[in-house]
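Scroll down for the structure; my scribbles are underneath it.
Values in this document were obtained by computation on a predicted structure and should not be read as measured data.
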Number of protein chains: 2
Amino acid sequence: MPHTGRTSPGRQLEHPQAAQIRLESVLSALADPVRLRIVSDLAQGHEDMACISFELPVSKSTSTHHFRVLREAGVIRQYYEGTSRMSRLRSQELEECFPGLLEAVLRAQGVQV
Amino acid sequence: MPHTGRTSPGRQLEHPQAAQIRLESVLSALADPVRLRIVSDLAQGHEDMACISFELPVSKSTSTHHFRVLREAGVIRQYYEGTSRMSRLRSQELEECFPGLLEAVLRAQGVQV
DNA sequence: CGACTCGTACGATAGCTTTCGTAGTACGAG
DNA sequence: CTCGTACTACGAAAGCTATCGTACGAGTCG
């Protein structure tokens with residue numbers, strides 16, 4: 001079994017506040033096949049996923065990079081849980097900032113919304 | 001006065017067909033402040049605009065580049081009219097390919113949709 | 001034709017992106 | 001404490017992007 005259920009504090013991860021999320025950065029973050037796939041996977045049921053559970057066609061360090069881009073753009077929120085880093089979409093906040101945007105992108109990707 | 005009203009054939013400009021428009025390219029095209037502004041301006045009433053009438057904070061050659069990116073991504077359609085190159089949004093086709101996407105982006109930019 | 005306007009093509013450059021490997025840190029299990 | 005797992009940080013390389021200036025082509029007006 002992975003962990004005991006406790007949420008470890010871990011190191012702090014920088015996230016932009018909802019009001020600081022810029023459209024340009026979000027679009028830029030979504031304009032990459034790997035990241036688009038991460039977002040689709042997150043939207044596809046699994047609310048919280050560790051980086052490892054995405055089977056991405058890139059190396060670990062490259063994954064780290066893509067997750068960081070998504071996080072810094074404000075698309076996902078990440079937190080540590082043991083040695084794993086969990087990710088979840090910031091759907092609600094994005095909906096407030098840019099209504100309909102995430103939904104349109106997901107729909108275009110063939111994800112049930 | 002600009003021209004006599006005749007539509008000159010000019011040189012052919014390559015456009016992707018609606019079915020060939022890729023989400024990734026569209027997002028990538030929109031992920032730039034200059035291009036986002038072009039798109040907003042086009043949506044803002046002026047259906048057909050010559051490149052020159054956008055007062056962009058970049059040089060002529062850079063403009064050409066940005067218009068090309070938008071055209072090749074399938075976001076705008078361009079045609080020659082005299083010495084001018086007119087541009088218009090491919091709103092309807094985009095709506096068919098990616099419902100709600102353009103609208104969400106424009107709304108996020110503060111454009112009345 | 002000649003001059004002027006609008007836009008393109010080309011070449012160059014600086015900076016960013018994507019990618020990786022390697023080395024290291026943080027956590028949990030034993 | 002030691003080991004394995006999960007992930008990061010750093011450095012490096014290759015490629016793309018945004019930007020420009022200059023030189024040129026296509027069309028219009030006199």
Protein-nucleotides 3-6 of chain C N/O pairs closer than 3.5 Å?
unit_1	atom_1	unit_2	atom_2	d
C:dC6	O4'	B:Thr83	OG1	3.3

Spacing of B:Leu102 atom CG and B:Arg90 atom CZ [to the nearest 0.5 Å] = 12.0 Å

Minimum-distance nucleotide (side-chain atoms of A:Tyr80 versus D:dT19, C:dG21, D:dT8) = D:dT8

So, A:Glu93 and A:Arg77, do they make that salt bridge, N to O below 4.0 Å?
-> yes

Per nearest nucleotide of DNA chain C, the residue lying toward the 5' end, A:Pro57 or A:Ser28, is A:Ser28

Within a reach of under 6.0 Å around CZ of B:Arg37, are more than 12 heavy atoms found that belong to other residues, nucleotides or ligands?
-> yes

Under 3.5 Å, is there a donor-acceptor pair between the side chain of A:Glu72 and the main chain of A:Val69?
-> no

In whole angstroms, how far is the C1' atom of D:dC7 from the CE atom of A:Met86?
-> 13 Å

Across all strands, who's sitting opposite C:dC1 as a Watson-Crick or G-U wobble pair, both distances under 3.5 Å?
-> D:dG30

D:dA6 P sits how many Å from A:Asp48 CG, rounded?
-> 17 Å

Heavy-atom donor-acceptor pair, A:Glu95 side chain to A:Gly100 backbone, under 3.5 Å | yes

Look at the side chain of B:His66 and the backbone N and O of B:Thr64, then say whether any donor-acceptor pair between them is shorter than 3.5 Å.
-> no

Any idea which heavy atoms bring A:Gly74 and A:Ile21 closest together, and the distance?
-> O-CD1, 3.7 Å

Whole angstrom is fine here: how far is it from CD in A:Glu72 over to P in C:dC16?
-> 14 Å

For A:Tyr79 and C:dA26, give me the distance from atom OH to atom C1', rounded to whole Å.
-> 18 Å

Rounded to whole angstrom units, what separation is found between the CG atom of A:Asp32 and the P atom of C:dC16?
-> 18 Å

Under a 4.0 Å heavy-atom cut-off, which of residues 61-70 of chain A touch DNA chain C?
-> A:Ser61, A:Thr62, A:His65, A:His66

Between C1' of C:dT8 and CD of B:Glu14, the distance in whole Å | 14 Å

Taking atom C1' of C:dT19 as reference, at what distance in whole Å does atom CG of A:Leu56 sit?
-> 13 Å

To the nearest Å, how far apart are B:Glu24 CD and C:dT18 P?
-> 10 Å

Of A:Arg88, A:Arg71, A:Glu14, which meets side-chain hydrogen bond (donor to acceptor under 3.5 Å, both in side chains) against A:Gln78?
-> A:Arg71

Which pair of non-hydrogen atoms, one from B:Phe54 and one from B:Ile38, has the smallest distance, and what is that distance?
-> CE2-O, 3.6 Å

